[in-house]
Colleague: 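Take a look at this one; I'll ask things after.
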Amino acid sequence: MCGFVGFVNFKKDISESKNILKNMNQTLSKRGPDEEGYYIDKQVAFAHKRLIVIDPEGGKQPMIETFSFGKYVIVYNGQIYNTKELKKTLEENNFSITTHSDTELLLKSYIYYGKDVVNHLNGIFAFAIWDTNKQEVFLARDHFGIKPFYYTILEDTLIFSSELKGLFEYPGVEKVLDEQGISELFGIGPAHTPGTTVFKNIHEVKPAHLGIYNSSGLHLERYWKLKSKEHTDSLGQTCDKLKFLLNDSITKQLVSDKPLCTFLSGGLDSSIITKFASDYCKNKGLPPLDTYSIDYVDNDKNFVKSDFQPNSDYFYIDLMRKHLRTNHHQIVIDTPELANSLEDAMIARDMPGMADIDSSLLLFCKHVKKDMTVSLTGECADEIFGGYPWFFREDALKSNTFPWSISLTERQELLHPTIGHKVHLKDYIDYRYQESLAEVEILDTDSPETAEKRKISHLTLNWFMQTLLDRSDRMAMYNGFEIRVPFCDYRLAEYVWNIPWEWKALKGREKGLLRYVCKDFLPSAIVDRKKSPYPKTHNPTYLAKVKGMLTHIMENKNAPIHNLLNRQYILNILETDGKAFARPWFGQLMTRASSYGLSLPGEYVA
């Protein structure tokens, strides 16, 4: 796992621009704390920051391969999981493989397959390859956009980076928040429309897209999407296929030359990951699997049941620890540390995000990084298998908007009145909502319920899930730590997409089919456990701390944030103790204290 930057210009010599390249690359030091590398010629400048996970000596980047028909240079961030299959194909076609680095396999696979290489990859990836033979740069991003890839074009120069902050070190690239950016930030945020950012003329390569940049410009195309087709397997065959795909995805992602663990919350999803990973370790004669969980000071005293979090995690974590005999570690976060990390979390994400939901994961990864470099998590199971409340609630299904983002009146009120008169969040959200739904393919053979759930699943996969994947990447990589998400294997997503909803919600339960598949190898208490969201602090001192931080900002009448936000409305929120955000800002996660935290980073954005 790493970070990369670069720029390409076919109309002028850029070979004397190494200082610019170094400045851009330096912004990614946290993503790649172990090594750095540079490649620059007349047309192309690549730089790389490396987090060593596989083959310390053989995986150095930028990696260069020279053949009689040209030279190829790659910068790459990610992990390819089907390396055995790629290596076999390459060797059968007379390629010599000299390392066990997936970077070498990826580069030589491109040389062999050309742009079709993306259809032969299973993994998480963002990469750029300079092909001197074709005089073009080839770039690509993985199926679900787990690895980031940002770019802009300025005066015939393509400039790209793993994070937004890298782009802004290139002379002339400006941070401009226009009408669309404000609509994204306050209307869609902390999600974003695929391909966009909050900054004018700054874009991302969309998930499942490739691109070619040459003398005629940048040409992007989609190489993969979820396709609707009739599901013909029986229930028994479906369960067997799911077990195979789960096991194959999880075990493929256990490759690492550095210490590896799993995150274990005691929920269904993390327990499945930990079960298969633990079995793998036992079968390979390896030491017991290390598992980690997060908690907060005094959470046991302050926990309050809710529809979204009916019980605490500790009982279930201990049950799985004993069941699998893992080497478990509990990380406990305190209120001051959590609040003080809000700014770091925003910097890691380059924009306001999910407040304490972000900062807690950032701190969790920071503590786990002391002993580990890689972790597998249960992220994305809810999106793929239908685990969220909005899959079942009529008010959410009939809301005619993104069901996790319904506090629209409050969002509009946050804007400075001058801006609010020009920026109409509802119009923008409605446009993006309808635009996204138009992509859904409904089959004539779909039952009414399956057809309805295809729509909500599409929105969840392409918007909500992207936000959580973005969060995971930024918070982990800010600590030089790698998070892997086996449920996000595109083969698993393809298969589950076409399973009838009546099976996915077996027995009327969220993730009912997944529970049924796991009933023979997980404790019944885990299988039957009601879904709980990512662990949050319930300590009232956190609310008080963040309220004080926001009050301090709002009392400074010269703070830049007042150019963007409605100061009086925010003061009213503070006076009413956050009751304006009793409804979730985003999903089931962000209310009250989180909403305060979301407002905080605006000072730095403005």
Side-chain angles (χ1 to χ4, degrees), residues 2-51 59-77 103-104 106-107 110-111 126-141 148-176 197 199-205 210-220 350:
C2 315
F4 60 79
V5 297
F7 46 93
V8 187
N9 190 306
F10 291 103
K11 296 185 178 180
K12 69 177 182 180
D13 186 341
I14 60 172
S15 58
E16 300 299 319
S17 303
K18 191 167 185 180
N19 285 339
I20 296 174
L21 191 63
K22 284 186 173 181
N23 290 339
M24 292 175 65
N25 202 35
Q26 194 59 36
T27 66
L28 304 181
S29 294
K30 288 184 176 293
R31 290 188 75 90
D34 299 328
E35 286 182 349
E36 66 180 17
Y38 297 89
Y39 172 87
I40 190 165
D41 68 11
K42 291 183 178 180
Q43 280 79 47
V44 174
F46 284 177
H48 187 264
K49 284 283 187 178
R50 187 182 181 200
L51 171 64
K60 297 179 183 295
Q61 295 187 48
M63 184 176 286
I64 304 170
E65 290 287 344
T66 303
F67 289 79
S68 58
F69 43 85
K71 182 167 66 175
Y72 304 85
V73 186
I74 187 172
V75 282
Y76 156 57
N77 169 30
T103 307
E104 180 189 8
L106 175 56
L107 180 54
Y110 167 78
I111 295 168
F127 63 87
I129 297 175
W130 168 225
D131 183 335
T132 62
N133 181 45
K134 295 180 179 178
Q135 283 292 290
E136 64 186 28
V137 172
F138 177 81
L139 48 92
R141 192 173 179 206
F149 199 143
Y150 296 100
Y151 73 93
T152 189
I153 297 177
L154 179 68
E155 298 176 351
D156 300 316
T157 302
L158 172 70
I159 309 151
F160 58 84
S161 173
S162 293
E163 295 184 0
L164 287 170
K165 55 179 67 72
L167 299 179
F168 295 127
E169 288 299 316
Y170 190 92
V173 177
E174 298 179 339
K175 304 172 186 175
V176 177
T197 73
F199 297 106
K200 185 178 181 180
N201 297 326
I202 306 294
H203 316 281
E204 65 169 4
V205 176
L210 61 83
I212 293 172
Y213 187 72
N214 53 31
S215 58
S216 65
L218 178 62
H219 312 275
L220 295 165
D350 289 319

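Counting begins at 1 with the first residue of the sequence.
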Colleague: Please examine the side chains of V176 and F199, heavy atoms only from C-beta on, and report whether any two atoms are closer than 4.5 Å.
Modeller: no
Colleague: At what distance, to the nearest 0.5 angstrom, does CG of L107 lie from CE of M63?
Modeller: 7.0 Å
Colleague: Taking C-beta and beyond as the side chain, do Y213 and F138 meet within less than 4.5 Å on heavy atoms?
Modeller: no
Colleague: Show the nearest heavy-atom pair for residues I40 and S15, with the distance to one decimal.
Modeller: CD1-O, 3.7 Å
Colleague: Minimum heavy-atom separation for V73 to P62, with atom names?
Modeller: CG1-CB, 3.8 Å
Colleague: Closest heavy-atom contact between P148 and N77?
Modeller: CD-ND2, 3.9 Å
Colleague: Assign the ring pair F160 / F4 to parallel, tilted or perpendicular, where the plane angle (0 to 90°) is split at 30° and 60°.
Modeller: perpendicular
Colleague: How long is the span from the CG atom in L158 to the OG1 atom in T152, to the nearest 0.5 Å?
Modeller: 8.5 Å
Colleague: Is there a donor-acceptor contact under 3.5 Å from the side chain of S162 to the main chain of F149?
Modeller: no
Colleague: Evaluate side chain to side chain contact (heavy atoms under 4.5 Å, CB included) for F67 paired with I111, printing each intermediate quantity in order.
Modeller: CA-CA 10 Å; F67 289 79; I111 295 168; 3.4 Å; yes
Colleague: Looking at D131 and E136, would you say the former's side chain and the latter's main chain have a donor-acceptor pair under 3.5 Å?
Modeller: no
Colleague: Would you mind reporting whether I20 and F7 have side-chain heavy atoms less than 4.5 Å apart?
Modeller: yes
Colleague: Is any side-chain heavy atom of L164 closer than 4.5 Å to one of I202?
Modeller: yes
Colleague: Could you tell me the separation between the OG atom of S216 and the NE2 atom of H219, rounded to the nearest 0.5 Å?
Modeller: 3.0 Å
Colleague: What residue pairs, at least two apart or across chains, pass salt bridge (Lys or Arg N to Asp or Glu O under 4.0 Å) with a residue in residues 63-75?
Modeller: E65-K108
Colleague: May I ask you to test the V173-L154 pair for a side-chain heavy-atom distance under 4.5 Å?
Modeller: yes
Colleague: Is there a side-chain contact between N23 and Y170 (heavy atoms, below 4.5 Å)?
Modeller: no
Colleague: Hey, what do you get for SG (C2) to NZ (K49), rounding to the nearest 0.5 Å?
Modeller: 11.5 Å
Colleague: Measure across G166 and T27 and return the closest heavy-atom pair with its distance rounded to 0.1 Å.
Modeller: CA-OG1, 3.3 Å
Colleague: CG/D41 to CD/Q43 distance, rounded to the nearest 0.5 angstrom?
Modeller: 6.0 Å
Colleague: Which atom pair, heavy atoms only, marks the closest approach of A47 to N25?
Modeller: CB-CG, 3.6 Å
Colleague: I would like to know whether L218 and I153 meet side chain to side chain contact (heavy atoms under 4.5 Å, CB included); could you show each step before the answer?
Modeller: CA-CA 9 Å; L218 178 62; I153 297 177; 4.1 Å; yes
Colleague: Which residues pass the ring-ring contact (aromatic ring centres under 6.0 Å, His included) test with Y151, not counting sequence neighbours?
Modeller: H203
Colleague: Is a side-chain donor or acceptor of R141 paired with a backbone partner of A126 at a separation under 3.5 angstrom?
Modeller: no
Colleague: Counting C-beta onward and ignoring hydrogens, is there a side-chain heavy-atom pair between W130 and V75 closer than 4.5 Å?
Modeller: no
Colleague: Compare every heavy atom of G6 with every heavy atom of L21, then report the nearest pair and how far apart it is.
Modeller: CD1-CA, 4.3 Å
Colleague: Rounded at 0.5 Å granularity, tell me how far NE2 in H48 sits from CD1 in I74.
Modeller: 9.0 Å
Colleague: Not counting sequence neighbours, which residues clear ring-ring contact (aromatic ring centres under 6.0 Å, His included) with Y38? List them please.
Modeller: none
Colleague: Who passes side-chain contact (heavy atoms from CB on, under 4.5 Å) against S161, sequence neighbours left out?
Modeller: V5, L28, L167
Colleague: Sorted by first residue and then second, give each salt bridge (Lys or Arg N to Asp or Glu O under 4.0 Å) pair with at least one member in residues 154-176; sequence neighbours left out.
Modeller: K11-D156, R31-E163, E163-K165, K165-D350
Colleague: Between L139 and L210, is there a side-chain heavy-atom distance shorter than 4.5 Å?
Modeller: no
Colleague: Is the ring pair F69/Y72 parallel, tilted or perpendicular, if the boundaries are 30 and 60 degrees?
Modeller: perpendicular
Colleague: For Y150, enumerate each residue passing the ring-ring contact (aromatic ring centres under 6.0 Å, His included) test, keeping only those at least two apart in sequence or located in another chain.
Modeller: none
Colleague: Got a salt bridge between E35 and K60, using NZ or NE/NH1/NH2 to carboxylate O under 4.0 Å?
Modeller: yes
